[in-house]
Every structure is written in structure tokens, then in C-alpha cells.
Novice: 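Have a look at this one.
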Amino acid sequence: MTARPATVEEVGRHVGASVELRGWLYNRRKAGKLQFLIIRDGTGFLQAVASEADLPPEVFELCRSLGQESSILARGVVRADPRSPGGYELSLTGLEALQAAEEYPISLKEHGADFLLDHRHLWLRTPRQHAIIRVRAEVIAACRDFLDGQGFLLVDTPILTPAACEGTTTLFETGYFDTTAYLAQSGQLYNEAAAMAFGRVYCFGPTFRAEKSRTRRHLMEFWMVEPEAAYLDFEGNLTLQEAMIVHIVERVLAKRRAELERLERDTAPLEGVRPPFPRVSYDEALRLLEPVEPLAWGEDFGAPHEVAVAGHFDRPVFVHRFPAKVKAFYMKPDPERPDVVLGADLLAPEGYGEIIGGGERLADHETLRRRIREHGLPEEAFRWYLDLRRYGSVPHSGFGLGIERVVAWLCGLEHIREAIPFPRLLNRIYP
Ligand code: 4AD
Ligand code: MG
């Protein structure tokens, strides 16, 4: 019988047939004259049964001795078996080792976080990490499909930039021939130029912040999707965010339920993510915080404040109209109350904190110039940005959604470091 190449994911279509899996030996267990091999091929994990009675001695010996994570070609007959995880099993008829792995550092027992992070390149091979990375890919696809469907055009923005976007304290500096460049903290400013050219745009790319604090929420390098739209006002921007979040959550629930199960994520709170999302002003939020985490007017939220405010609601909540002085220079002051800005943060439920930051942009040339000066930013570097207010300025708004924050929330992760394949953390850039 010739063996057809197959993947674990679609092995159910080959019941009774002889197939060849190309993968790795994930684990092995023995029971008398049987060896149970767990084979993984990137698409899933499948149990193969090797029986001493049915296999040539040298093949059975290989099944018995081959080290964890050896690369293998496994041939066998697919059987439906309700007792095995996934519902299928392979009765092994042949096994070939491409490379016999050395003793594998990650055993199936518990390891500490530092050890696992040092071995991130191998840790990625485990079922839990597979589930998270699949959810991540689904979140990204959902963002793109949603925006494409709403008439937003993907316009990429640069990573090497001459100036700050989100304040000068978290800039990564690098040499650029005989001058200095900074890694992008956000594509927003360029996005605004693109929005004035194309109307509705988004950029999606890596973002860099030299965050000098060690938290469960901060990465030095993360991925952000940033829509920006001409003629979109503050309220319209919130409605867009709401629709996008609902779309992402629904899609992950529809397509990645098995992964959420593997992560033991209670999906009930996610099923309840429906519009409208509550909208509370910064001032109202201070009143909610008063009994638990009091905050003086004018202070920015820290993680405990975000958690406490979000704790009042069963779905994401917008906090809007922050004091102008805690937000970026480009935010439009509220015409009715110029000490606050038309910006909002979207806070995830269940203690996951801010997942989106955005708002309406300052469209007036003179006010923007003043704000740049007040923030101590070099006006020269923003000349092109100011130009956008000289040549056909229009009301416009946008936001940035942090992919890893959303993944951490949807997967119920304790720490954001698992939400990205190779996390860059304070004091960690290896591997
Ligand atoms: O609130 P932020 O700083 O907003 C901006 O950068 C705007 N320029 C975006 C825009 O309007 N186009 O960042 C947006 C989101 C946050 O809500 C959070 O989800 C994520 O980016 N984020 C981080 N994620 C991981 N690690 C960090 N250090 C992050 N900093 C921000
Ligand atoms: Mg923010």
C-alpha cells in the first residue's frame, strides 16, 4: 500500500487509508509491547501506535529509542478512535528518522518562565503556544478583513523616522548615517498624510517603545493596526472601534474555539462582547475610582486605575476626554472644554487594560504648532505634518489597536509575552 502525504489537520479525511506524516516526535509513552508516539506536524498533534508484533524489529527499536523532537516521516493507517485526543489515531507501519534529536531541553514537566523564554525558539512547538499563535493570526486576519471591508486602504508607514510620535521618553534611537533616527512608536502621523491622500487608510506594523518598566502588559516591540479616516469625527471613531472589536471577537469565537478550549479560556465573557460599549468620561471615571483607587484630576491612569474602571463593566469600556496634558500633542481639545481632549482609551474587561488608544486629531494649523512647541518637540521635524493643516485640512480621527494586548485578553493570558512569537522585554532580546 502506498502512503499518501497527509497533515494531522485533515487526517480525518483519510480514515482507513495509508498515509505519511512529515513532522516531529513530540512525545512518547510505552505500554507493554506498544509504544504510543505523539507526532506533531505543525498543523496538529496525533497519536501513533507502534506495535512490536506488527513492525520489523529495527522500526520498533526506532520507535522505542528516538529522542523527543526528532524529525520523522511516519507511515501508517488512519483509524477513527473516539478515545484518542482529536478522534483519530495512526497505526504505525513504518518510521524513518531524518535527524535524531539530541536530548531535548524542554521536557513535558513544568519549567520556569525564564527558562522557557530562553528557549522560546523551542517553546513555540508546544500545543499551548500553537493555540495562542493561531489566535493571534486570526486576530490579525480579522482586523485586516474588517478594515478592507469598510473601505480602508492599507498604506504602509516607515519604521525609521526622524522624530517622536508618542512622546520622547520611550524612543529607541539608532544611527542613520551622520544623523539620528528613531524606531517608529506609531505610524499615525504618516497615516494622517495617507488619509489626506486616500480618505480611509490603515497601517499595520511593528511598533517600538523603550518602556522602562517591567509589567505584564508592555513589550518593547509590538504590532499595532492603525486606521485613520478623513471626515471622521470623535464619536464616529468610537463606533468604528466598537464594530471592529465585535468583529474580531466573533471571528475568533467562530474559528478558534478549539484553541480557546486548549487554553482553558472561559468564553462566556467573550460571548457577551456586544455593542454598545459603555462610554465614560475621565471625570466620571475619577468618581468610579474614588472609593478604590483615588486619582487626582490631571493624573494619567496607571494599570490599577484601568483595571478598577473596567471592573464596573461586562464588556470593553471607553474612557474619553482625558486631560490635555497627559495625552499626545496631536489630540484635538474638546471645543466645549479645552482642558480635555477628544481622545479615548478602550479598556478590555477582566483586567486586561487598554487595548486601543485613539481620538480626533488637531486639524488647525496654529493650535497644532503651539502644541508642538509646548511639548518641546522640534518644529522643523514636523514641518511636513504641519503642511497637512495648510493644504486642505479636514476633521479626522483614528486609533491604534495593540495586537498583543487583544490576543492576551482573548486567550486569557497572564502575561503579554506569550502573545508574540519572539517577545522583546526589558532586559531580554534573546532569542
Ligand atoms: O495608546 P497608544 O500609545 O496610541 C498611539 O500610539 C496612537 N498614535 C495610535 C493611533 O491613534 N493611531 O498605543 C495604541 C495601543 C495601546 O492601546 C495598546 O493596545 C498598544 O498600542 N500598546 C502596547 N502594546 C504592547 N506593549 C506596549 N509597550 C504598548 N504600548 C501601546
Ligand atoms: Mg494609550
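Residue numbers run from 1 in the order of the sequence given.
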Novice: My understanding is that only residues two or more places apart in sequence, or in another chain, count here; which of them pass salt bridge (Lys or Arg N to Asp or Glu O under 4.0 Å) with Asp118?
Specialist: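 With neighbours one apart ignored, the set is Arg428.
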Novice: Check the orientation of Trp223 and Phe204. Use parallel for under 30°, tilted for 30 to 60°, and perpendicular for over 60°.
Specialist: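 Rings of Trp223 and Phe204: tilted, 30 to 60°.
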Novice: Taking all heavy atoms of Ile355 and all of Arg405, pick out the closest pair and write down the distance.
Specialist: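 The answer is CG2-CB, 3.8 Å.
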Novice: Hey, are Gln129 and Thr126 close enough side-chain-wise for a donor-acceptor pair under 3.5 Å?
Specialist: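 No, no side-chain donor-acceptor pair sits under 3.5 Å.
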Novice: Look at the side chain of Gln185 and the backbone N and O of Gly167, then say whether any donor-acceptor pair between them is shorter than 3.5 Å.
Specialist: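 Such a contact is found between Gln185 side chain and Gly167 backbone.
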Novice: Check whether any side-chain heavy atom of Asp334 sits under 4.5 Å from a side-chain heavy atom of Glu336, and report yes or no.
Specialist: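 Asp334 vs Glu336: side chains touch.
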Novice: Hey, does Leu386 have a side-chain heavy atom less than 4.5 Å from the side chain of His365?
Specialist: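 They are in contact (side-chain heavy atoms under 4.5 Å apart), so the answer is yes.
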Novice: With ring centroids as reference points, do Phe313 and Phe277 lie under 6.0 angstrom apart?
Specialist: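 No, the ring centres sit 6.0 Å or more apart.
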Novice: Do Tyr190 and Trp384 have ring centroids that are under 6.0 Å from one another?
Specialist: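 Here the rings of Tyr190 and Trp384 have centres that are less than 6.0 Å from each other.
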Novice: Evaluate the side-chain proximity of Val78 to Leu90: yes if any heavy-atom separation is below 4.5 Å, no if none is.
Specialist: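 Yes, at least one pair of side-chain atoms sits under 4.5 Å.
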Novice: Report the relative orientation of the aromatic rings in Tyr385 and Phe382; use parallel for angles under 30°, tilted for 30 to 60°, perpendicular for over 60°.
Specialist: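 Ring orientation, 0 to 90° scale: perpendicular.
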Novice: Please verify the inter-ring angle class for His130 with Phe45; under 30° counts as parallel, over 60° as perpendicular, anything in between as tilted.
Specialist: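 Tilted: the ring planes of His130 and Phe45 meet at 30° to 60°.
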Novice: Quick one: do Lys327 and Asp345 make a salt bridge, cutoff under 4.0 Å?
Specialist: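 Salt bridge between Lys327 and Asp345, a charged N being under 4.0 Å from a carboxylate O: yes.
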Novice: Please state whether the rings of His320 and Phe234 are parallel, tilted or perpendicular, taking 30° and 60° as the class boundaries.
Specialist: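 Ring orientation of His320 relative to Phe234: perpendicular.
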Novice: If only atom types and distance count, is the side chain of His247 paired as donor or acceptor with the main-chain N or O of Ala243 below 3.5 Å?
Specialist: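 No; zero donor-acceptor contacts below 3.5 Å.
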Novice: Where the side chain of Ser393 meets the backbone of Asp364, is there a donor-acceptor pair that is under 3.5 Å apart?
Specialist: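 No; zero donor-acceptor contacts below 3.5 Å.
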Novice: Between Glu96 and Arg22, does at least one N-O distance fall below 4.0 Å, as a salt bridge requires?
Specialist: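 Answer for the salt bridge query: no.
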Novice: Below 4.0 angstrom, N of the basic side chain to O of the carboxylate: do Glu366 and Arg369 qualify?
Specialist: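 Yes, Glu366 and Arg369 are salt-bridged.
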Novice: Tell me, yes or no, whether the heavy-atom count around Glu9 atom CD, taken from other residues, nucleotides or ligands under 6.0 Å, exceeds 12.
Specialist: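 Counting other residues, nucleotides and ligands, CD of Glu9 stays at 12 neighbours or fewer.
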Novice: Could you check whether Arg217 pairs with Glu211 (Lys NZ or Arg NE/NH1/NH2 to Asp/Glu carboxylate O, under 4.0 Å)?
Specialist: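 Between Glu211 and Arg217 there is no salt bridge, as every charged N stays at least 4.0 Å from the carboxylate O atoms.
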Novice: Answer yes or no: does atom CZ of Arg373 have more than 12 heavy-atom neighbours from other residues, nucleotides or ligands under 6.0 Å?
Specialist: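 Atom CZ in Arg373 is crowded, with more than 12 foreign heavy atoms closer than 6.0 Å.
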Novice: Between Lys212 and Leu426, which heavy-atom pair has the shortest distance, and what is it?
Specialist: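 Heavy atoms of Lys212 and Leu426 come nearest at O-CD2, 3.8 Å.
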Novice: Can you give me the closest heavy-atom contact between Arg315 and Pro275, atom names plus distance?
Specialist: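 The pair with the smallest heavy-atom distance is NH1-O, 4.1 Å.
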Novice: Grab the two heavy atoms, one from Arg361 and one from Arg389, that are nearest each other, plus how far apart they are.
Specialist: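 The pair with the smallest heavy-atom distance is CB-NH2, 3.9 Å.
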Novice: With sequence neighbours excluded, tell me which residues meet side-chain hydrogen bond (donor to acceptor under 3.5 Å, both in side chains) with Ser84.
Specialist: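 Result, side-chain hydrogen bond (donor to acceptor under 3.5 Å, both in side chains) vs Ser84: none returned.
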Novice: Between Glu299 (side chain) and Ala296 (backbone), is there a donor-acceptor pair under 3.5 Å?
Specialist: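 Absent.
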Novice: Sub-3.5 Å donor-acceptor pair from the side chain of Arg128 to the main-chain atoms of Arg262, do we have one?
Specialist: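 No.
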Novice: Would Arg29 and Phe36 count as a cation-pi pair here, with the cationic atom under 6.0 angstrom from the ring centre and within 45° of the axis?
Specialist: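 Because its charged atom sits under 6.0 Å from the ring centre and within 45° of the axis, Arg29 does stack over Phe36.
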Novice: How close do Met196 and Gly392 get, heavy atom to heavy atom, and via which atoms?
Specialist: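 Of all heavy-atom pairs spanning Met196 and Gly392, the closest is SD-O, 4.3 Å.
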Novice: Does the pair Glu259/Arg136 count as a salt bridge with the N-to-O cut at 4.0 Å?
Specialist: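 Between Arg136 and Glu259 there is no salt bridge, as every charged N stays at least 4.0 Å from the carboxylate O atoms.
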Novice: Work out which heavy atom in Leu117 is nearest to a heavy atom in Pro423; give both atom names and the distance.
Specialist: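 Here Leu117 and Pro423 meet closest at CD2-CG, 3.9 Å.
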